[in-house]
Amino acid sequence: MNAIAGTAHYPPEADSAPAGAQASDPAAAASAAAGLPNSIPEYLQRLRQALHGADPALIQDALYDAEEYLRAEMAENPQRSEAQIIASVAGSYGAPDEVAEIYRDTEVKVQTALRPPRPAPRRSWLGRFFGVALEPRTYGALFYMLLSLATGTFYFTWVVTGASVSASLLILIVGLPLLILFLGSVRVLALVEGRLVETMLGERMPRRPLYSDRERPWLERIKEMFTDPRTWGTLLYLLLMLPLGTAYFSVAVTALALSLSLIFAPIAVWLGYFDGMIDLGSSCADGACSNITYWRVVPDVLAWPLSLLIGIVLLFATLHLARGIGYLHAQLAKALLVRWS
């Protein structure tokens, strides 16, 4: 049994039944005796039940992989029934319960292998505060905050433009196909965003598209696209990315600039590149100018270590803030892009 979570993997092909096999084929009889499903939708439903309680992203990937494999077997053996196909592949791909167990075990191994090594636990609050700099997820979250302005602007523009154009053309014959194409592109963007969230923020996201029963008529599948809460959850998420991305970028840049300025300003004063004074300007009236006002950033030689210390503390506080924002945003992405099923 070779079902691998997170990767499209097809097991070795099972033995084919003789041409012209009917429902009385020994494989189908064995399928009924073993309690195997008689149809692909039933197989997928039992697989979903067997994966109950697992990560929703894992369930989505498992359903997609299972359906893709079973449909490929059906296409290669059109003369055989679904029950015969399921019975014949039970020894290679596995029954639903067996496939679910394989996916659970493989997911644990894959996540353990991909997860960066955790630093040694620190008991003191000082060690926990400064230890955030040794965690790779910290920098992934910080980079995501800086990148989110660009991705948020693109997502928002795509959704607003696509929705307005397709909605305005609904009175024409091309309007509905354009709207369907737009919603399909939104699902692709959800997969792309999911990869960014999983790579930078560490939250497990789907690696396969949404499962859809391909036996249903195409009109019903289109209707399902409009009634699926995940479609509208994805649209809401993509729209929210613009204000969230703007806020994330502003917070990250402001906090980094302030902390680094406090760190390097005293060093520049000590090296003689900066005198510690900032010109606040002067007021002029009727050609007469008042004295220029200065604000001393570093009042004396005893103050610059304090400025350096404040800058370092603020920098590490920024890293903690980035970790917190990254975690909260990952939960938002999981809720709107995956869990609405």
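Scope of the values below: all heavy atoms of this structure, side chains included, with no hydrogens, waters or symmetry mates.
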[X] side chain to [Y] backbone, donor-acceptor under 3.5 Å:
X: Thr138; Y: Ala133; answer: no
X: Glu42; Y: Asn38; answer: yes
X: Thr161; Y: Trp158; answer: no
X: Ser168; Y: Val165; answer: yes

(request) Any chance you could lay out the salt bridge (Lys or Arg N to Asp or Glu O under 4.0 Å) test for Glu107 and Arg204, step after step, and finish with the verdict? (result) CA-CA 10 Å; Glu107 180 72 8; Arg204 175 65 160 88; 2.6 Å; yes
Atom [atom1] of [X]: over 12 foreign heavy atoms under 6.0 Å:
X: Phe316; atom1: CZ; value: yes
X: Phe182; atom1: CZ; value: yes
X: Ile173; atom1: CD1; value: no

From [X] [atom1] over to [Y] [atom2], what is the distance, rounded to the nearest 0.5 angstrom?
X: Asp228; Y: Arg187; atom1: CG; atom2: CZ; answer: 5.5 Å
X: Gln60; Y: Arg48; atom1: CD; atom2: CZ; answer: 9.5 Å
X: Leu142; Y: Met200; atom1: CG; atom2: CE; answer: 11.0 Å
X: Ile180; Y: Met225; atom1: CD1; atom2: CE; answer: 7.0 Å
X: Arg208; Y: Glu67; atom1: CZ; atom2: CD; answer: 13.0 Å
X: Leu236; Y: Thr231; atom1: CG; atom2: OG1; answer: 12.5 Å

Same apolar cluster: [X] and [Y], side chain cutoff 4.5 Å:
X: Trp232; Y: Val159; result: yes
X: Leu196; Y: Leu336; result: yes
X: Leu240; Y: Leu149; result: no
X: Val132; Y: Phe130; result: yes
X: Leu183; Y: Leu178; result: no

Validation row: [X], [Y] side chains within 4.5 angstrom (heavy atoms):
X: Glu73; Y: Ile86; value: no
X: Leu169; Y: Leu179; value: no
X: Arg195; Y: Arg207; value: yes
X: Pro41; Y: Glu82; value: yes
X: Thr199; Y: Tyr144; value: no

Looking only at heavy atoms, which two atoms of [X] and [Y] are closest? And how far apart?
X: Ile85; Y: Ser88; result: O-OG, 2.8 Å
X: Leu201; Y: Ala141; result: CD2-CA, 3.7 Å
X: Lys334; Y: Glu203; result: NZ-OE2, 3.0 Å
X: Leu176; Y: Leu170; result: N-CD2, 3.8 Å
X: Gly311; Y: Ile263; result: C-CG1, 3.5 Å
X: Ala54; Y: Ile59; result: O-CD1, 3.9 Å

Please identify each residue that fulfils side chain to side chain contact (heavy atoms under 4.5 Å, CB included) with [X], with sequence neighbours left out.
X: Ala190; result: Thr234, Leu337
X: Ile310; result: Leu262, Leu306
X: Ile325; result: Met145, Tyr248, Leu321
X: Phe156; result: Val160, Leu239, Leu242

(message) Before you tell me yes or no, could you show the steps for His329 and Ser148 under side chain to side chain contact (heavy atoms under 4.5 Å, CB included), namely the whole-Å CA-CA distance, both residues' side-chain angles and the distance that decides it to 0.1 Å?
(response) CA-CA 11 Å; His329 185 85; Ser148 59; over 6 Å; no
(message) Classify the ring geometry of Tyr43 against Tyr93: parallel below 30°, tilted from 30° to 60°, perpendicular beyond 60°.
(response)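 Because their plane-to-plane angle lies in the 30° to 60° range, the rings of Tyr43 and Tyr93 count as tilted.
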(message) Working note: Tyr103 + Leu47, criterion side chain to side chain contact (heavy atoms under 4.5 Å, CB included); need CA distance, chi angles, decisive distance, verdict.
(response) CA-CA 10 Å; Tyr103 267 87; Leu47 179 58; 5.7 Å; no
(request) Please test Leu244 against Leu332 for side chain to side chain contact (heavy atoms under 4.5 Å, CB included), starting from the C-alpha separation and ending with a verdict. (result) CA-CA 11 Å; Leu244 290 177; Leu332 175 66; 3.6 Å; yes
Indicate every side-chain donor-acceptor pair of residues 252-260 with a distance under 3.5 Å to a residue at least two apart or in another chain.
residue : atom : partner : partner atom : Å
Thr254  : OG1  : Ser250  : O            : 2.7
Ser259  : OG   : Ala255  : O            : 2.9
Ser259  : OG   : Leu256  : O            : 3.1

(request) In sequence, state the C-alpha distance, the side-chain angles, and the governing distance for Val313 and Leu309, and then conclude on side chain to side chain contact (heavy atoms under 4.5 Å, CB included). (result) CA-CA 6 Å; Val313 171; Leu309 178 61; 4.3 Å; yes
(request) Identify, with sequence neighbours excluded, every residue that meets ring-ring contact (aromatic ring centres under 6.0 Å, His included) alongside Phe226. (result)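 Here no residue qualifies.
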